[in-house]
Amino acid sequence: QVQLVESGGGLVQAGGSLRLSCAASGRTFRSYIGAWFRQAPGKEREFVAAVTWSGGTTFYADSVKGRFTISRDNTKNTVNLQMNSLKVEDTAVYYCAADRSSSTAPSDYNYWGQGTQVTVSS
């Protein structure tokens with residue numbers, strides 16, 4: 001079992017930065033893919049970024065590539081998302097997820113955090 005808790009959301013102006021953190025419990029987390037998804041009001045949950053268990057390979061949605069950076073620290077059981085050059089359209093609830101598959105589909109992830117709100121104002 002893996003439990004995930006996100007932190008770091010908030011309100012920021014367009015062009016600003018935020019750093020999200022996901023703290024995981026459970027020994028098996030270190031062998032899992034760590035990912036971030038987001039869901040805006042009235043929209044489906046969408047993939048943002050993922051990182052392999054070693055941290056050596058990362059994946060990004062085209063909409064955030066070059067602006068967001070995902071990383072993990074297996075000594076602290078955390079997965080982080082550094083978000084720079086934020087846009088109004090990045091406003092959403094951001095969720096941390098984990099599982100063994102390096103998939104961009106939410107349905108392929110069995111472990112989820114409760115979500116943290118990110119609001120970007122113009």
Side-chain angles (χ1 to χ4, degrees):
Q1 278 286 1
V2 175
Q3 290 80 42
L4 305 171
V5 178
E6 303 96 335
S7 62
L11 173 64
V12 65
Q13 286 191 328
S17 299
L18 278 176
R19 182 178 176 84
L20 305 182
S21 185
C22 174
S25 60
R27 293 180 299 173
T28 56
F29 176 74
R30 297 180 182 182
S31 63
Y32 280 29
I33 296 289
W36 287 93
F37 288 77
R38 66 186 181 187
Q39 188 166 17
K43 295 188 176 181
E44 293 187 350
R45 192 167 298 189
E46 65 175 5
F47 172 79
V48 174
V51 59
T52 55
W53 69 269
S54 68
T57 303
T58 55
F59 309 88
Y60 295 96
D62 288 343
S63 59
V64 306
K65 203 171 293 183
R67 300 188 298 122
F68 291 10
T69 302
I70 190 171
S71 62
R72 71 188 295 163
D73 185 341
N74 285 336
T75 65
K76 299 179 179 179
N77 269 10
T78 58
V79 176
N80 303 304
L81 186 69
Q82 178 66 42
M83 305 185 294
N84 298 328
S85 302
L86 282 161
K87 305 176 180 180
V88 172
E89 52 264 42
D90 293 319
T91 295
V93 177
Y94 283 70
Y95 296 91
C96 179
D99 216 299
R100 297 193 182 279
S101 172
S102 58
S103 170
T104 61
S107 58
D108 289 336
Y109 288 80
N110 285 309
Y111 302 104
W112 292 88
Q114 81 287 353
T116 185
Q117 176 70 45
V118 171
T119 303
V120 184
S121 63
S122 58

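- Closest approach of Glu6 to Cys96, counting heavy atoms only: OE2-N, 2.8 Å.
- Side-chain atoms of Gln82 and Asn80 include no donor-acceptor pair closer than 3.5 Å.
- Of the residues listed (Val64, Val51, Val79), the one engaging Trp36 in a side chain to side chain contact (heavy atoms under 4.5 Å, CB included) is Val79, and it is the only one.
- A continuous path of Ile, Leu, Val, Met, Phe, Trp and Tyr side chains, each step under 4.5 Å between heavy atoms, connects Val118 with Leu4, placing both in one hydrophobic cluster.
- A pairwise comparison of heavy atoms in Asp90 and Ser85 identifies OD2-O, 4.5 Å as the closest pair.
- With values rounded to the nearest 0.5 angstrom, Asp99 atom CG is found 6.5 Å from Tyr111 atom OH.
- The OG1 atom of Thr58 sits 14.0 Å away from atom CZ of Phe68, with the distance rounded to the nearest 0.5 Å.
- Of all heavy-atom pairs spanning Thr91 and Gln117, the tightest one is CG2-NE2, 4.0 Å.
- Contact record, Tyr109 with Ala50: OH-CB, 4.4 Å, taken as the closest heavy-atom pair.
- A salt bridge links Lys65 with Asp62: at least one charged nitrogen is closer than 4.0 Å to a carboxylate oxygen.
- Cluster annotation: Val48 is connected to Val120 through the hydrophobic network of ILVMFWY side chains, with a link wherever side-chain heavy atoms come within less than 4.5 Å.
- A pairwise comparison of heavy atoms in Leu86 and Arg67 identifies CA-NH1, 3.9 Å as the closest pair.
- Between Phe47 and Phe59, the gap from one ring centroid to the other reaches at least 6.0 Å.
- Sparse packing is recorded around CD of Glu44, with 12 or fewer heavy atoms of other residues, nucleotides or ligands lying under 6.0 Å away.
- Going from atom CZ of Arg72 over to atom CH2 of Trp53 covers 9.0 Å, rounded to the nearest 0.5 Å.
- Note on Tyr95: it does not cluster hydrophobically with Tyr32, by side-chain heavy-atom contacts below 4.5 Å among ILVMFWY residues.
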Can you check side chain to side chain contact (heavy atoms under 4.5 Å, CB included) on Thr116 and Val93, steps first, answer last? CA-CA 5 Å; Thr116 185; Val93 177; 6.0 Å; no
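- Here the CZ-CZ distance, from Arg45 to Arg38, works out to 13.0 Å after rounding to the nearest 0.5 Å.
- Atom CD of Gln13 has 12 or fewer heavy atoms from other residues, nucleotides or ligands within 6.0 Å.
- The two residues Asn84 and Ser17 have their closest heavy-atom pair at OD1-OG, 2.9 Å.
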Full working for side chain to side chain contact (heavy atoms under 4.5 Å, CB included) between Thr104 and Glu46: CA-CA 8 Å; Thr104 61; Glu46 65 175 5; over 6 Å; no
Stepwise, does the side chain to side chain contact (heavy atoms under 4.5 Å, CB included) test hold for Leu11 with Ser121? CA-CA 7 Å; Leu11 173 64; Ser121 63; 4.3 Å; yes
Given side chain to side chain contact (heavy atoms under 4.5 Å, CB included), test Thr69 with Tyr60 step by step and report yes or no. CA-CA 8 Å; Thr69 302; Tyr60 295 96; 3.8 Å; yes
